[in-house]
Each structure stands twice: as C-alpha cells, then as structure tokens.
Amino acid sequence: MARAAAKSHVPADSSDRAANLRVAAVFGEIADLLEVEGQNPFRVRAYRNAAHELGGLGRDLAAMVAAGDDLTELPGVGDDLAGKIAEIVDTGSCAALDELHRAWPPTIHDVMRVPGVGPRRARSLFEQLAVRTLADLRAAAEQRKIRELPGFGATSERNILDALAGLLGTGRRLPLADARVHGERLLARLRAAPGVIEAVIAGSYRRALATVGDLDFLVTARSHNGAIAALVGAPDVVHVLAEGPTRATVVLRSGLQVDLRVVGRDSFGAALHYFTGSKAHNIAVRRLGVARGLKINEYGVFRDERRIAGRTEASVFAAVDLQFIPPELRENRGEIAAARAGELPRLVAAEQLRGDLVLVEVGDEASAVVAAAAAAARARGQEYLLIVHEVPARARAHVDWAARLKAAAAACAEHELAPLQGLELDISQRTCPDEHVDFVAARLSHAPRGASHPALLRIVGGAREGDAARDPTALVRMAVGGALAVVGDPARLTALEPELQAARAAGVPVVLGSGGEPGGGQASRLELAVSQARRAWFEAEAVVNSRPLAEVRELLAPRRQARRRA
DNA sequence: CAGCCGTGGCTGAGCGAAATCATTTTCGC
C-alpha cells in the first residue's frame with residue numbers, strides 16, 4: 001500500500017532544544033576530557049550530572065538565558081556552570097572546553113567510547129602511541145603496538161579490534177518495542193533454565209523508557225542454576241563480554257547488549273529495585289536509608305549486619321517509609337517526595353481505556369484499517385473508536401470524505417463499536433472542510449522521515465489554530481482547550497517525554513491509542529502509549545479515552561463559534 | 001563543581017563483579 005510522502009507541517013521542535021542539547025554535549029565532552037586528565041572525580045561528575053539534567057530538561061535554555069532567568073535554580077547547576085551555559089548559548093562553545101582541546105584532541109572521546117577503553121587507557125594510548133582517532137586506534141592495534149603498552153595485552157588488543165569491527169555492542173539505543181521482542185524470547189529461555197526460580201527484566205526496559213540501551217535480566221535461583229549458561233548459549237548471542245558465577249554480559253546479533261544478574265531469593269526485591277534504577281532514583285533512596293542508619297544495596301536493606309528488608313520491592317520502599325513507587329516514575333523527578341507524602345499519582349492503566357485511537361491515511365483503504373482496529377478494540381472490551389482521517393491539503397479536493405467517513409463508520413458498526421470520527425488538518429488550515437465530523441485534529445510534527453503519521457497529534461477541540469509549535473510548551477499551549485493525542489507507534493515514539501510532561505503540567509488531557517496498524521499488534525502499541533503517559537505521571541482522569549463515549553464526544557466537539565477569547 | 005549549613009570549607013554513593021594483567025581498569029545501577 002502506497003504511503004503518502006513524509007511531510008512535516010510544523011518545524012521540528014528539535015531546533016528549539018538545540019541549545020539544550022548543545023550545552024549537554026559540551027558539558028559531556030568537558031567531563032570526558034577532565035576525566036582523561038585525571039581531574040577530581042566529583043568535578044567530572046558535576047559536569048556529567050548537569051549534562052544529564054539539561055539534556056532532559058523540558059525548558060528551552062536559550063529562552064531562559066534570553067529572559068535572564070536564574071540558571072542556578074536548575075538541578076546540578078551552580079554559579080560556575082550557569083556562566084558556562086550562558087557562554088555556550090551565546091557562542092556555541094566555551095573557553096574551558098577550548099582550553100582542554102589544547103591538551104587533548106576532541107576525538108579522544110570517541111576512543112573512550114570503545115568498550116574496554118576508559119579514560120585511563122585512552123590517555124595511555126594517546127600519550128604513548130599518539131592515538132587520536134578511532135582510525136589511529138585500529139592502526140595501532142593492527143600493527144600490534146597496543147599489546148606492548150603496560151596495562152594492555154594481546155587480549156585487550158584483540159578486544160579493541162573486535163569492538164571496532166562492530167562485533168560488540170553498537171551503543172545505539174533500541175526502541176522499546178524492538179527490545180521487547182528480544183527480551184521476551186530470552187526471558188522464556190531463562191525461565192526454562194535449570195535451577196531458575198524467577199526471571200524478570202529490570203533496567204530502563206522496566207521503566208518503559210522509549211528507547212533502551214541494553215536489557216537487564218534479573219534471576220533468582222536455587223543453589224545451582226543454569227541461567228548463566230542459558231544466556232551465553234542463546235542462539236543469537238554473538239559475543240560474551242563477561243561470564244561469572246553471578247553475572248554475565250553478552251551481545252546479541254542485533255547489537256543489543258544483555259546483562260544478567262543472579263541473586264538469592266531473599267535479595268530479589270532489593271536487587272529488582274536496584275537494577276531497575278534509575279541511577280538518580282537509587283541514589284536518592286539510598287540517601288533516605290543512610291538518614292535512617294540503614295545500608296541499602298542490591299542484596300537487601302541492612303541495619304548493621306542484619307537484613308531487615310529486601311525480599312520484595314515493597315519491603316525496600318517500606319524500610320525508608322515510602323509508598324511503592326511504580327517503575328515508570330523512578331527518575332528522581334519528585335516521586336520520592338510524593339511517595340513519602342502518600343501522594344503518588346494513580347497512574348493510568350491500559351485496562352482503563354474505553355476506546356482506541358486510529359489514524360487513517362488517504363492511501364489506506366479506510367474500512368480495512370478501521371475494521372482491524374475495531375476487532376482488536378472489541379476484543380479488549382472497549383466501547384468506541386476514535387478515528388482520525390488524514391487530510392493533506394493537496395489531496396483534499398480529490399477525496400470523497402463523506403464516503404470515507406461512512407465506510408469507517410460501517411466497519412465500526414460491524415464490531416459493535418461506536419465511531420467518533422475526525423479529520424486531521426494541516427496545521428495551516430483554519431477551517432474544517434466537513435461539517436459532519438465529531439472532532440478536528442491537527443498534526444504536530446514528530447514524524448521522522450519516511451513516516452507520514454505523527455506520534456503526536458493535537459485534537460483541537462474548540463481552540464483556534466495557534467502559531468506553529470516551536471517548543472514543548474508552545475506545543476502544549478496549542479493544545480490547551482483540546483487534547484494531545486499520543487500514538488504508540490514504536491518507530492515514532494521517541495523523545496515525547498518533554499511534551500507529555502508539559503501537557504500534564506498544563507492540565508492538557510491526552511488521548512492514548514495504538515494508531516491502528518492493519519498488521520495487528522494493537523495491544524502492544526496501546527500499552528506503549530500508556531506507558532509513556534505513565535512516565536509523565538498521567539492519571540486516568542486526564543486521559544480522554546478513559547471516559548464514556550458521551551463525555552468524549554462533548555469534550556472533543558468542535559466549537560466553531562468559539563474563537564479568540566480576551 | 002554543586003550543595004549544604006558550621007556561609008567558607010567540607011563532602012560527595014560506592015561497591016561488586018569481572019576481565020585482564022600482574023594490580024589496575026572498566027562497567028554497571
């Protein structure tokens with residue numbers, strides 16, 4: 001089926017986070033070079049922390065600098081880094097980095113990225129073999145010079161060559177849905193291994209991060225267990241990076257890195273909490289423990305030498321007087337204070353959705369797409385379907401919209417589902433071309449090249465078209481009075497976090513849906529959309545399609561007279 | 001370098017695990 005050519009009607013907001021990303025990149029590079037230099041680890045960490053915080057910041061640093069905001073209010077930013085942020089925003093770089101570049105080549109941080117090469121070895125390679133780039137590194141290894149260096153050997157040299165040949169982990173992050181395919185298969189294998197009591201996936205996968213860098217398996221086992229052997233012997237393992245009695249690391253053919261840890265039953269909760277992360281969350285929880293005279297590690301919660309908790313995750317939280325915190329919230333973004341106060345959100349769950357959201361393109365046979373989605377929705381016990389018909393400006397005049405709407409409605413009726421139909425207009429279109437729709441949607445970017453449908457859609461409701469979305473908050477401002485639709489298409493569901501957070505903060509409701517692909521998989525797509533909303537602290541109350549049909553119809557109805565209010 | 005309360009000087013998460021080399025480095029949360 002021919003897909004319409006990719007069109008982005010709104011300038012990508014990436015241009016507006018460019019300043020944030022630039023600052024994060026500069027700080028990250030400074031951290032690397034300071035580390036190579038052997039500087040104070042806490043100074044290095046300060047740059048890394050700031051890079052991490054600013055990279056995920058939902059506000060535009062350039063705008064903050066322009067407005068003269070106090071940057072030291074930002075987490076991990078003090079007087080010094082505030083000055084450097086302003087400098088980077090204004091000039092694109094900063095003197096501190098330029099200074100480091102006089103001593104170390106900028107490309108040395110590529111060398112550091114090679115698995116098995118850290119700051120110490122990168123420095124040694126540079127100083128003794130003049131290795132500045134990955135090409136230099138390869139040449140040095142091929143000429144068997146690396147094995148001559150103190151601290152290296154023939155094995156290290158071999159491993160470096162393997163890494164450069166791409167045999168080892170690629171370091172790229174995989175969309176959550178792709179990781180799930182690998183994860184479920186390995187999970188089944190581990191569960192079937194001798195001695196294994198329980199096997200789960202922790203890490204960023206469990207936190208439902210939109211992309212994951214690796215898979216963390218946690219296994220509890222009887223004294224003798226075959227989990228390690230089962231992992232290293234799995235069919236698509238191409239490299240074993242580490243293999244010990246309690247831990248193993250392998251690389252799959254896809255380039256995905258997989259870590260496995262084996263702990264005793266009594267440590268399962270503590271280990272699950274620890275290996276689910278995030279790192280920032282763990283540090284914060286551990287700090288609570290220290291304040292209570294407790295030691296928290298992956299084996300349990302200890303008072304002196306005595307284990308007082310750790311068999312379940314809940315027991316770990318309880319030991320530091322916290323409610324159980326859902327994995328999606330464990331990013332140290334306020335969840336700990338909320339859990340202490342007993343004010344955690346009741347996160348939306350997929351089972352609460354009463355209807356799915358489907359996007360239909362002009363090239364599609366609308367009734368077929370809708371029928372597939374309707375069948376899946378019905379199977380989930382849902383009551384209605386929100387159908388969005390794409391309306392590209394050029395095709396508008398040549399399409400019989402009335403017939404398409406009717407066909408889609410019929411397809412719904414066949415599965416005893418109520419249809420709510422809307423048209424998706426170009427952002428520049430100010431008027432609705434058809435009076436007989438239930439709502440109007442506007443496209444909001446986030447469509448990568450090759451993808452026609454966006455992952456984010458503004459359901460307009462009664463609001464007037466605004467200026468093009470230029471940053472997350474602007475995007476959300478546009479949706480005020482309407483709703484933001486989130487489609488769980490794995491390929492398009494990356495980096496929506498700032499928008500979703502901004503939406504929740506602004507009280508903008510969301511519509512969560514599978515998007516409806518005829519090939520099936522609606523359930524996992526729906527759950528993907530839900531998981532991202534959960535990460536942004538959404539409760540069912542703020543999710544439009546958790547409500548009954550009549551309410552949704554009312555909420556989304558175009559209010560054509562309602563225009564600009566004072 | 002940030003953050004904290006002893007507002008200038010201190011602490012900062014920190015250890016386990018494994019590889020690899022010969023005692024240190026890397027990596028993970």
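Protein chains get the first letters and strands the later ones, always in sequence-line order, with residue 1 at the start of each.
- The distance between atom CD of A:E73 and atom C1' of B:dA2, rounded to the nearest whole Å, is 14 Å.
- Looking at heavy-atom distances under 4.0 Å, A:T276 makes contact with sugar-phosphate atoms alone, never a base.
- Taking NZ of A:K279 as the reference point, atom OG of A:S204 lies at 13.5 Å (rounded to 0.5 Å).
- Atom pair A:F217:CZ and B:dC29:P shows a separation of 14 Å (rounding to whole Å applied).
- Note that A:R330 lies in the cation-pi zone of A:F324, set by a 6.0 Å cut-off to the ring centre and a 45° limit from the axis.
- Residue side chain A:R286 reaches the base of B:dA13 through a donor-acceptor N/O pair under 3.5 Å, judged by distance alone.
- With both ends at atom C1', the span from B:dC27 to B:dT20 equals 14 Å, rounded to whole Å.
- A distance of about 12 Å separates the P atoms of B:dC21 and B:dT26, rounded to the whole Å.
- Going from the P atom of B:dG16 to that of B:dA22 covers 25 Å, rounded to whole Å.
- Comparing the same atom, P, in B:dA18 and in B:dT23 gives a spacing of 23 Å after rounding to whole Å.
- On a pure distance criterion of 3.5 Å, no polar donor-acceptor pair joins the side chain of A:Y47 and the base of B:dC1.
- Among the protein residues, A:R120 comes within range of the sugar-phosphate backbone only, with heavy atoms under 4.0 Å from sugar or phosphate atoms but none that close to a base.
- Atom C1' of B:dT11 sits at a distance of 13 Å from the matching atom of B:dG6, rounded to the whole Å.
- Rounded to whole Å, atom P of B:dG3 lies 10 Å from atom CG of A:D79.
- The separation between A:R121 atom CZ and B:dC27 atom P is 9 Å, rounded to whole Å.
- As rounded to the nearest Å, B:dC29 and B:dA13 have C1' atoms that lie 11 Å from one another.
- Contact of the A:L71 side chain with the A:M64 side chain is registered, since non-hydrogen atoms from C-beta on lie closer than 4.5 Å.
- Within the cation-pi definition used here (under 6.0 Å to the ring centroid, within 45° of the axis), A:R307 does not qualify as a partner of A:Y299.
- For the C1' atoms, the distance from B:dA17 to B:dG12 is 24 Å, rounded to whole Å.
- We find that CG of A:L125 is positioned 13 Å from P of B:dT25, with the value rounded to whole Å.
- Nearest nucleotide to the side chain of A:Y274, out of B:dC29, B:dA13, B:dA17: B:dC29.
- The interatomic distance linking A:L218 (CG) with B:dA17 (P) rounds to 14 Å, in whole Å.
- Counting any heavy atom pair closer than 4.0 Å across all strands shown, A:V44 reaches no nucleic acid atom.
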